[in-house]
Undergrad: 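One structure coming up, written as structure tokens, with questions to follow.
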2 protein chains.
Amino acid sequence: MPSSMTDPAGPRATPTPPTSAAVARRAGVSRATVSYVLNGQAAGRVGERTQAKVRAAAEELGYVPHAAARSLRAGRGSIVLLAAPADTAPAFGSLFTSFLAGFQTALHGLGYTVVLHGAPAAAPLAAARAWAELRPAAVLTLDAPPPDAAAVALLRRSGTAAVLTHGPPAAPGAHTLLLDQHEAGRAAGAHLLARGRRRIGVIRPAEPGLARFADPRLAGVRSAAAAHPDAVVRPLDLALTEHSAAQLAAAWPDLGLDAVFAYNDEYAMLLMRALQDAGHALGTAPDGIGVVGADDLLLGRLLRPRLTTVRAEIIPPERIAALVDRLIRTPDTAPAAHRLGTFAVVARDSG
Amino acid sequence: MPSSMTDPAGPRATPTPPTSAAVARRAGVSRATVSYVLNGQAAGRVGERTQAKVRAAAEELGYVPHAAARSLRAGRGSIVLLAAPADTAPAFGSLFTSFLAGFQTALHGLGYTVVLHGAPAAAPLAAARAWAELRPAAVLTLDAPPPDAAAVALLRRSGTAAVLTHGPPAAPGAHTLLLDQHEAGRAAGAHLLARGRRRIGVIRPAEPGLARFADPRLAGVRSAAAAHPDAVVRPLDLALTEHSAAQLAAAWPDLGLDAVFAYNDEYAMLLMRALQDAGHALGTAPDGIGVVGADDLLLGRLLRPRLTTVRAEIIPPERIAALVDRLIRTPDTAPAAHRLGTFAVVARDSG
DNA sequence: TTGAAAGCGTTACCAA
DNA sequence: TTGGTAACGCTTTCAA
């Protein structure tokens with residue numbers, strides 16, 4: 001049976017993938033020469049004819065260098081590890097997806113490989129150990145709780161040049177990418193107060209992963225209200241279901257509130273529908289309930305009244321990628337906080 | 001200066017992270033013994049006292065094994081590479097985010113590491129080469145266009161046990177995870193036709209990455225309409241902006257349509273709002289325009305009329321992870337198509 | 001212009 | 001019960 005015969009089941013997994021040694025053998029040169037040619041270090045060292053032979057041999061064999069072997073030898077890897085457990089992703093929502101895509105592409109352009117690690121949030125130290133096995137150049141956690149001092153120390157000692165967390169809070173020894181949710185609440189609260197609202201409800205989503213964002217937002221509203229002696233702030237629990245929203249709407253008259261900060265645009269839409277179905281007026285209508293969402297989704301502009309919302313102005317993922325790259329190159333940079341963005345109110349008709 | 005003094009700038013990156021050799025030296029044993037102890041192969045080979053010494057030394061040094069060195073030695077890696085370029089993620093939407101989280105967690109539980117590779121969709125062969133450098137156990141592309149025969153062959157030869165693509169179409173030599181968009185269109189079309197609609201518009205999103213899903217959906221509606229000689233199907237271009245929707249709504253009377261399949265719930269919401277603002281009735285109202293969306297988002301239940309939608313019943317990510325694991329273990333399984341799920345209409349009031 | 005050899009961190013075989 | 005040693009695939013210094 002001729003070896004050139006095609007396997008009808010398609011290409012099979014070769015027991016041993018081609019190595020640079022195989023290329024060298026086929027081209028009749030040494031492994032060193034192969035390395036020089038294939039890494040562009042051949043100028044003035046290897047003859048033209050030899051280079052051509054090497055390239056041809058590599059091509060014919062379908063040779064692809066082995067990244068692990070290379071970085072083992074080089075002593076430094078090019079992995080940027082993104083730690084984002086399963087229950088975090090929904091919390092970040094569609095913003096997360098698009099951020100991830102841009103961030104990933106930017107890092108790729110800088111020569112890094114992004115590894116997504118969805119460790120089921122175990123003990124911080126155990127998680128850090130699992131990450132450290134990959135010898136990442138940088139670790140970026142979107143996780144809560146953030147790594148503690150011991151976890152950061154373990155990573156640093158195992159060669160991780162930069163550890164970044166998404167905060168607040170700040171993790172000791174790590175850089176912090178700061179997006180202050182408190183500020184979102186403060187902006188929403190200040191806006192409603194300036195519009196004359198004084199009895200403000202604040203939605204606390206029932207989804208557990210969101211408490212991390214919701215609590216500081218509530219505190220932000222409270223801090224805005226502190227300037228007005230007659231202002232009242234009241235937390236309201238709400239799950240992302242029609243049933244939960246109907247319950248809240250039914251209880252509304254007893255709450256005596258004139259406005260609500262709905263955590264985000266989706267909760268806002270859900271609540272607005274339930275309030276309207278229960279016969280309440282919204283926005284600037286007489287006795288209308290003021291509603292403010294967050295995230296500035298398209299749907300907010302399609303609602304009636306149009307939804308006032310708090311928008312996060314996030315710095316572009318390319319800049320964050322560049323920051324990570326810089327921190328990797330200067331591993332001894334003192335840990336600091338880096339502002340990820342700010343919040344601004346987009347005023348429409350609902351509040 | 002005592003070496004136990006804490007560095008005020010936090011733990012610094014050690015020039016050389018601790019290796020198993022360092023642990024051996026500290027414990028006064030050989031590297032082999034360390035390996036046995038730390039991998040649980042020590043039963044009946046290494047004395048209790050020695051084991052304790054080794055563990056203590058590893059702990060004190062903060063030793064963490066080097067995954068790349070390990071898999072180099074083992075000859076097989078545990079990476080599952082997920083190829084999803086930046087412009088694909090938005091196309092999959094929030095469904096993608098939640099799928100990704102579940103899939104990732106499931107694979108992690110099976111001992112794999114998920115690597116996200118957002119190669120800016122270059123030539124298929126170049127992309128395959130970049131993937132092959134990581135020597136992944138499996139490659140799963142969500143990418144369009146799918147890898148061609150040469151790309152698949154390159155991966156297989158470099159040791160990738162399983163290559164999976166998301167289709168249709170099927171890629172030669174690769175397994176296919178099948179989610180037939182044609183069926184979604186057929187289901188929507190059949191539903192509208194059964195409700196007596198005959199002049200059906202089909203939204204074609206302007207976003208380029210979506211054509212891949214939109215075109216088969218359109219074809220599906222057409223195939224459903226083929227059974228009705230008097231049925232008309234007409235593609236309608238729409239971007240995800242209020243302006244674009246307003247344009248389409250303004251042109252509506254000239255189109256002479258009585259129903260529309262809006263690609264998904266977001267486009268449906270956008271279009272419904274624009275049609276309502278232009279004075280058109282929707283759903284079962286007299287002369288109401290029938291609207292069908294897709295994805296069964298919460299927002300569809302909040303619209304008025306409530307949105308009829310096509311829902312994908314996707315098999316759970318754990319099952320897909322198990323499939324990938326099985327294919328890795330039996331690398332010579334003949335390429336086949338695996339159904340990812342089916343589509344069903346959720347009938348509400350809009351169409 | 002090319003090749004030989006060392007070494008990155010691991011594990012597994014074989015000898016002591 | 002333990003240790004020496006080779007090998008995984010690659011790059012780079014040094015010598016020819």
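To find a chain, count down the sequence lines: A is the first, B the second, and so on, and within it residues start at 1.
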Undergrad: Between D:dC10, C:dG3, C:dT10, which nucleotide has the shortest distance from any of its atoms to the side chain of B:Ala69?
TA: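 When the side chain of B:Ala69 is considered, C:dT10 is the closest of D:dC10, C:dG3, C:dT10.
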Undergrad: Between B:Ser20 and C:dT10, is there a side-chain N or O to OP1/OP2 distance below 4.0 Å?
TA: yes
Undergrad: A:Thr19 side chain to A:Ala22 main-chain N or O, any donor-acceptor pair under 3.5 Å?
TA: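 Confirmed, A:Thr19 side chain pairs with A:Ala22 backbone.
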Undergrad: Measure CG/A:Leu72 against C1'/D:dC10 and give the value in whole Å, please.
TA: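 It is 8 Å, rounded to the nearest whole Å.
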Undergrad: Look at the side chain of A:Arg73 and the base of D:dT11, then say whether one donor and one acceptor between them are separated by less than 3.5 Å.
TA: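 Yes, the side chain and the base share a sub-3.5 Å donor-acceptor pair.
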Undergrad: Rounded to whole angstrom units, what separation is found between the NZ atom of B:Lys53 and the C1' atom of D:dT1?
TA: 12 Å
Undergrad: Could you tell me how the ring of A:His338 sits relative to the ring of A:His175: parallel (under 30°), tilted (30 to 60°) or perpendicular (over 60°)?
TA: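 The arrangement is tilted - the two ring planes meet at 30° to 60°.
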Undergrad: How many whole angstroms separate atom CZ of B:Arg70 from atom P of C:dG9?
TA: 15 Å
Undergrad: Nearest whole Å is fine: how far is D:dT2 P from B:Gln51 CD?
TA: 9 Å
Undergrad: When the distance from OH of B:Tyr36 to P of D:dG4 is rounded to whole Å, what number comes out?
TA: 13 Å
Undergrad: With distance as the sole test, does B:Arg156 use its side chain to make a donor-acceptor pair with the main-chain N or O of B:Pro331 at under 3.5 Å?
TA: yes
Undergrad: Check this one for me: any side-chain N or O of B:Ser35 less than 4.0 Å away from OP1 or OP2 of C:dA12?
TA: no
Undergrad: Quick one: do the B:Gln41 and B:Arg45 side chains pair a donor with an acceptor below 3.5 Å?
TA: no
Undergrad: Starting at the 5' end of DNA chain D, which residue's closest nucleotide do you reach first, A:Gln41 or B:Glu48?
TA: B:Glu48
Undergrad: Counting side-chain heavy atoms from CB outward, which of C:dT11, C:dT10, D:dC14 is closest to B:Asn39?
TA: C:dT11
